[in-house]
Amino acid sequence: FGTGNYNDHLMEQLADEGNGNYAYIDGLNEARKVLAEELTATLQTIAKDVKIQVEFNPDVVAEYRLIGYENRMLRREDFNNDKIDAGEIGAGHTVTALYEISLVGSAGRRVDPLRYGAPDNKAAVESKNELAFVRLRYKRPDGDTSKLIEQVLRRDAIVGMAAASKELQFAAAVAAFGQQLRGGEYLEDFGYTDILELAQQGRSADPLGYRGEFIGLINLADSLTADAPDRVAAK
């Protein structure tokens, strides 16, 4: 609570070890969000040791990159191992994982194709229209054996950002903002103005003002970045 002595890394470690959650309360609005709006989701677990595995079809997807979750990666062999600890999901919680992908033959590829050692698994691919195959494992709160859910993602489900859902538009804006704050290594010419426009498109209904608060942060970061050369020159 308050300001100072903030150690996000330590708080995350403590929450992971205790299968819990943590929050940084810096104002009344955040206190309401954590202690009122999200309290049920924090206290009532509906699934434990939740694991997600995504397999992309190499005939369709040339490259992919998971955005975030760097400290949540599991080894491939750990997916089916029920002794490996994973994350918990509370009532009302949603988890969003975003991937940046480049389709085969597209101009968005960042890495040149390999001459040797290309994966030879075409026989395992049932359809050229399959983009990816998603597997999810979870345990009931009182169980020790995981259950498996599998789902195919179709290539024809791909839509432009303008036609995407408001939730996806806003999630993409949040992810882009986080990458921009870390230097924007993979954003190329997608700057704060583009992030702001995307966030405004995905704002939708915002009764508690959380999305509006995020849009304010984008404007603040943009203004600080724009002033940076002047401040350096003044020194």
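Because only heavy atoms are used, hydrogens play no part in the values below, and waters and symmetry mates are left out as well, while side chains stay in. FYI, the numbering just counts along the sequence from 1.
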Flag, side chain of [X] to backbone of [Y], donor-acceptor distance under 3.5 Å:
| X | Y | result |
| --- | --- | --- |
| K48 | I89 | no |
| E63 | V111 | yes |
| N129 | R154 | no |
| K83 | D78 | no |
| N7 | L10 | yes |
| D82 | S146 | yes |

Are any non-hydrogen side-chain atoms of [X] and [Y] less than 4.5 angstrom apart?
| X | Y | value |
| --- | --- | --- |
| D59 | V104 | no |
| K139 | K147 | no |
| Y22 | D8 | yes |
| L131 | I101 | yes |
| Y99 | I67 | no |
| R135 | I149 | no |
| Y138 | D49 | no |
| N80 | R137 | yes |

Count I, L, V, M, F, W, Y as connected when their side-chain heavy atoms are under 4.5 Å apart, and connections chain through other members. Are [X] and [Y] then in the same cluster?
| X | Y | result |
| --- | --- | --- |
| F56 | Y69 | yes |
| V159 | L98 | no |
| L43 | L35 | no |
| V50 | F133 | no |
| V34 | L208 | no |

Within this structure, what is the [atom1]-[atom2] distance for the pair [X] and [Y], rounded to the nearest 0.5 Å?
| X | Y | atom1 | atom2 | value |
| --- | --- | --- | --- | --- |
| R140 | T45 | CZ | OG1 | 14.0 Å |
| E197 | Q169 | CD | CD | 10.0 Å |
| L148 | K51 | CG | NZ | 11.5 Å |

- Hydrophobic cluster mates of I84, side-chain heavy atoms under 4.5 angstrom, ILVMFWY only, any path? L74
- Run through the side-chain heavy atoms of Ile, Leu, Val, Met, Phe, Trp and Tyr, join any pair under 4.5 Å, and report what else lands in F190's cluster. M161, F170, V174, F177, L181, L187, Y192, I195, L196, L198, F214, I215, L217, I218
Looking at [X], I'd like to know if its [atom1] atom is crowded, meaning that more than 12 non-hydrogen atoms belonging to other residues, nucleotides or ligands lie closer than 6.0 Å.
| X | atom1 | value |
| --- | --- | --- |
| L28 | CG | no |
| Y210 | OH | yes |
| R32 | CZ | yes |
| E17 | CD | no |

- Does a donor on one side chain sit under 3.5 Å from an acceptor on the other, for T42 and N21? no
- Do NZ/NE/NH1/NH2 and the carboxylate oxygens of E213 and R203 come within less than 4.0 Å? no
- Salt-bridge contact R72-E12 (side-chain N to carboxylate O under 4.0 Å): yes
- What do the steps show when you test E167 against R211 for salt bridge (charged side-chain N to carboxylate O under 4.0 Å, His left out), and what is the final call? CA-CA 11 Å; E167 296 297 326; R211 298 193 178 192; 2.8 Å; yes
Tell me the closest heavy-atom pair linking [X] and [Y], and the distance in Å.
| X | Y | answer |
| --- | --- | --- |
| A47 | P141 | N-CG, 4.2 Å |
| G212 | D206 | N-OD2, 2.8 Å |
| Q180 | G191 | NE2-CA, 3.5 Å |
| A97 | L66 | CB-CD1, 4.4 Å |

- Message: Could you walk me through whether E55 and V134 satisfy the side-chain contact (heavy atoms from CB on, under 4.5 Å) test, starting with their C-alpha distance in whole Å, then the side-chain angles of each, then the deciding distance to 0.1 Å, before giving a yes or no?
- Response: CA-CA 6 Å; E55 178 186 356; V134 180; over 6 Å; no
- Summary of salt bridge (Lys or Arg N to Asp or Glu O under 4.0 Å) pairs that have at least one residue in residues 97-107, sequence neighbours excluded: R65-E100, E100-R110
